[in-house]
Amino acid sequence: MTSSSPNLALQSLRSRLGRVCVALQGASPAELFQKAEAAAPEHMFLEFRLDSLPNPAAALPRLKEFLEANPLVTAITTCRRKPNGGGFTGSLSDEAEILAKAAAAGSQLIDLEIESAEAMKHADLDKLRAAGAAIIISYHDFEATRDLDAVYERIQKFQPDFIKVVPTARSLADNLTLFAFLEKYGEAGNVIGISMGEYGVISRVLGVRAGSAFTFAASSVEDATAPGQIPARALVENYRIDHIAAGTKIYGVAGNPVRSSLSPLMLNTAFRRETVNAVYLALQTSKLTDLLKVVQAVPIHGLSVTMPLKQEILEHLERTDPLSAKIGAVNTIVRAQDGKLYGFNTDVGGIVGPIERRRSIRGLKVLVLGAGGASRAAVFGLKEKGADVTIYNRTVETAQKLAKQAGAKTIKRELIGKTHFDLIINSTPAGMKGNKLTHILEPNEMHADLVFDLVYNPVETPFLRMAREKGIPVITGVEMFVHQGARQFEIWTGKPAPEEEMLRVVVHALKQLQAEAQASAVTKDEAKHVEAPKPAVVKAEHKPEHKPEPAKAPPVKASVTAPVIKKPVATAAPVKEKAPEKKAPMAVKKSAVKTVPTKPAAKTPAKVVAKAPVKKAVTKPAPAKAASKSAKKAVAKAPTKAAKKK
């Protein structure tokens with residue numbers, strides 16, 4: 001089936017294609033087709049990466065058997081050569097022969113890289129065209145995003161049935177280049193476009209909306225065939241890719257790092273539960289100009305802002321609520337219909353709420369570790385409630401500046417161990433998954449009645465473990481994380497957040513992550529203690545042998561407990577990327593950040609099991625109206641100046 005085949009046949013093939021093609025690889029034919037058998041019940045569109053096998057030709061009989069036994073499966077066969085980014089070490093003629101035999105075995109599509117198409121003899125190319133499968137000619141750039149129009153012209157000369165263009169995103173804005181390309185050429189329905197890498201993750205979800213015929217996914221988190229590839233189940237169930245259309249609103253968490261964030265899982269669950277036509281993505285970036293360009297162009301309707309952007313973004317907001325202006329940091333952004341950005345801070349409620357569920361804050365002697373965006377929310381929120389707040393930060397000047405602004409105090413490190421506090425809060429990333437620093441205080445410095453770690457992943461941080469070993473009651477970061485996320489949902493949608501469901505999926509995911517980490521540690525420990533075999537006694541006349549090496553519901557109360565580990569679940573290792581290329585900063589209108597008085601979101605706090613006595617819950621005010629329509633109406637006439645940008 002080529003471009004010269006009847007259009008009806010090609011249209012029939014396209015009608016079989018889903019939005020997600022699951023890429024499969026294996027170290028042997030048995031492993032490859034075991035994965036295919038496991039994937040087929042849920043996903044009927046599969047790519048067989050024969051170049052992952054030592055001998056691709058040996059898998060062809062199994063391919064024929066599998067496709068005959070699974071007639072509803074649509075298959076792409078790929079045997080990419082090593083010089084072109086694949087694993088096949090054979091010749092060009094060998095590649096052509098394998099692809100032709102794959103077509104004869106029943107594969108409906110075969111993928112030929114552009115470099116092979118350009119180097120291939122006309123006779124071999126004609127054999128492929130006559131083999132009966134649709135031809136995809138693909139281009140992969142593993143370094144950057146370049147002139148995609150030129151790539152299209154280069155491929156189009158061969159008149160393939162499908163054109164596949166896969167650059168690597170080195171910034172969020174590189175996705176815009178790909179989206180523009182898809183919007184230009186995707187109307188024909190035969191263009192596939194994806195950006196590789198952690199910056200390109202959004203293209204794997206939104207590419208189909210921009211015009212890509214389909215996208216590729218991994219069979220599981222640990223089995224990705226390309227950088228940034230998302231597991232198929234997550235694309236279908238979490239991101240609901242089959243429902244993404246022009247009217248779908250886009251939200252996301254922006255900052256660095258966010259690749260391990262559970263915010264997409266939590267907020268997408270909330271959108272699905274409350275039937276909101278929206279999707280929430282991870283926007284990995286540390287450059288504000290890069291983020292703002294994408295926010296306006298996609299467009300993105302709302303953001304959860306994390307480090308290092310919570311303070312820097314203030315200068316680019318039209319207005320904020322009074323609390324955010326006072327703190328000098330925001331964690332929630334709304335893009336109004338006029339394109340202007342409005343800021344809010346839900347971190348304060350996420351910190352204050354769990355504490356008030358245990359004891360009164362007024363007069364509480366509190367030590368806050370850190371002086372960043374989350375620290376500012378803790379310090380200002382606690383001071384507003386009447387707490388006696390002391391700040392410790394490794395950079396003394398930063399702590400002193402925050403203390404002066406909030407009316408708090410600072411403390412030297414050597415005095416911490418000599419002082420007893422009612423509450424110690426860790427608001428630094430120490431202990432966060434992927435962070436090398438595990439904790440700030442030593443056990444002999446921790447003297448408190450209660451300890452609160454704002455880090456939620458892992459749920460049992462080294463800081464909390466240290467507190468438990470000393471018999472100190474703790475508050476986990478999960479409480480703060482879910483609470484602040486629920487308020488963000490309410491600001492964006494105007495609906496009460498399904499907080500119980502949000503809590504459930506987060507705790508479940510953290511159990512899985514912790515189980516995987518424990519299983520990995522056990523495996524390493526077992527390998528370390530395996531007794532090496534003793535060498536056999538060999539007579540002098542003999543040489544020693546060489547052995548091989550071995551439905552909508554109102555918010556309800558829920559209980560949070562430390563996860564119980566049941567079985568390990570594998571997770572994907574983060575992909576290392578090159579730093580994004582520096583680009584000229586986008587011109588952004590600088591204006592004083594004005595004040596947005598809003599009605600605080602209704603808070604129905606979750607009941608939490610803890611060692612500390614539980615006191616009367618605090619009632620939350622009514623939820624804010626959906627900001628997409630009412631952000632402007634909620635704006636105060638008297639502007640509040642933002643903190644000066646550092």
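- Remark: Glu237 engages Arg233 in a side chain to side chain contact (heavy atoms under 4.5 Å, CB included) (not counting sequence neighbours).
- Not counting sequence neighbours, the partners of Lys409 by the salt bridge (Lys or Arg N to Asp or Glu O under 4.0 Å) test are Asp388.
- With respect to the salt-bridge test (charged N to carboxylate O, under 4.0 angstrom), the residues Glu499 and Arg487 qualify.
- For Thr390, the side chain to side chain donor-acceptor pair (under 3.5 Å) test picks out no residue, with sequence neighbours left out.
- With hydrogens and angles ignored, the 3.5 Å screen pairs no side-chain donor or acceptor of Asn175 with any backbone N or O of Ile202.
- Residues meeting the side chain to side chain donor-acceptor pair (under 3.5 Å) test with Ser375, sequence neighbours left out: Ser427.
- Under the salt bridge (Lys or Arg N to Asp or Glu O under 4.0 Å) criterion, Asp347 pairs with Lys310, not counting sequence neighbours.
- Contacts of Ser261 classified as side chain to side chain donor-acceptor pair (under 3.5 Å), with partners at least two apart in sequence or in another chain: Ser263.
- Looking at residues two or more places apart in sequence or on another chain, you find a salt bridge (Lys or Arg N to Asp or Glu O under 4.0 Å) between Arg504 and Glu501.
- Every residue meeting the salt bridge (Lys or Arg N to Asp or Glu O under 4.0 Å) condition with Glu445, not counting sequence neighbours, appears here in chain and number order: Arg413.
- Within the structure, every pair that satisfies the ring-ring contact (aromatic ring centres under 6.0 Å, His included) test and touches residues 456-482, not counting sequence neighbours, is listed here: Tyr456-Phe481.
- Under a 4.0 Å N-O distance rule, the pair Arg335/Glu318 does not qualify as a salt bridge.
- Under the rule for a ring pair (Phe, Tyr, Trp, His ring centres under 6.0 Å), Phe452 has no partner lying at least two apart in sequence or in another chain.
- In this structure, the ring pair (Phe, Tyr, Trp, His ring centres under 6.0 Å) partners of Phe489, at least two apart in sequence or on a different chain, are Phe271.
- Between Tyr251 and Leu267 the shortest side-chain heavy-atom distance does not fall below 4.5 Å.
- Applying the side chain to side chain donor-acceptor pair (under 3.5 Å) criterion to Asn393, with sequence neighbours excluded, gives no partner residue.
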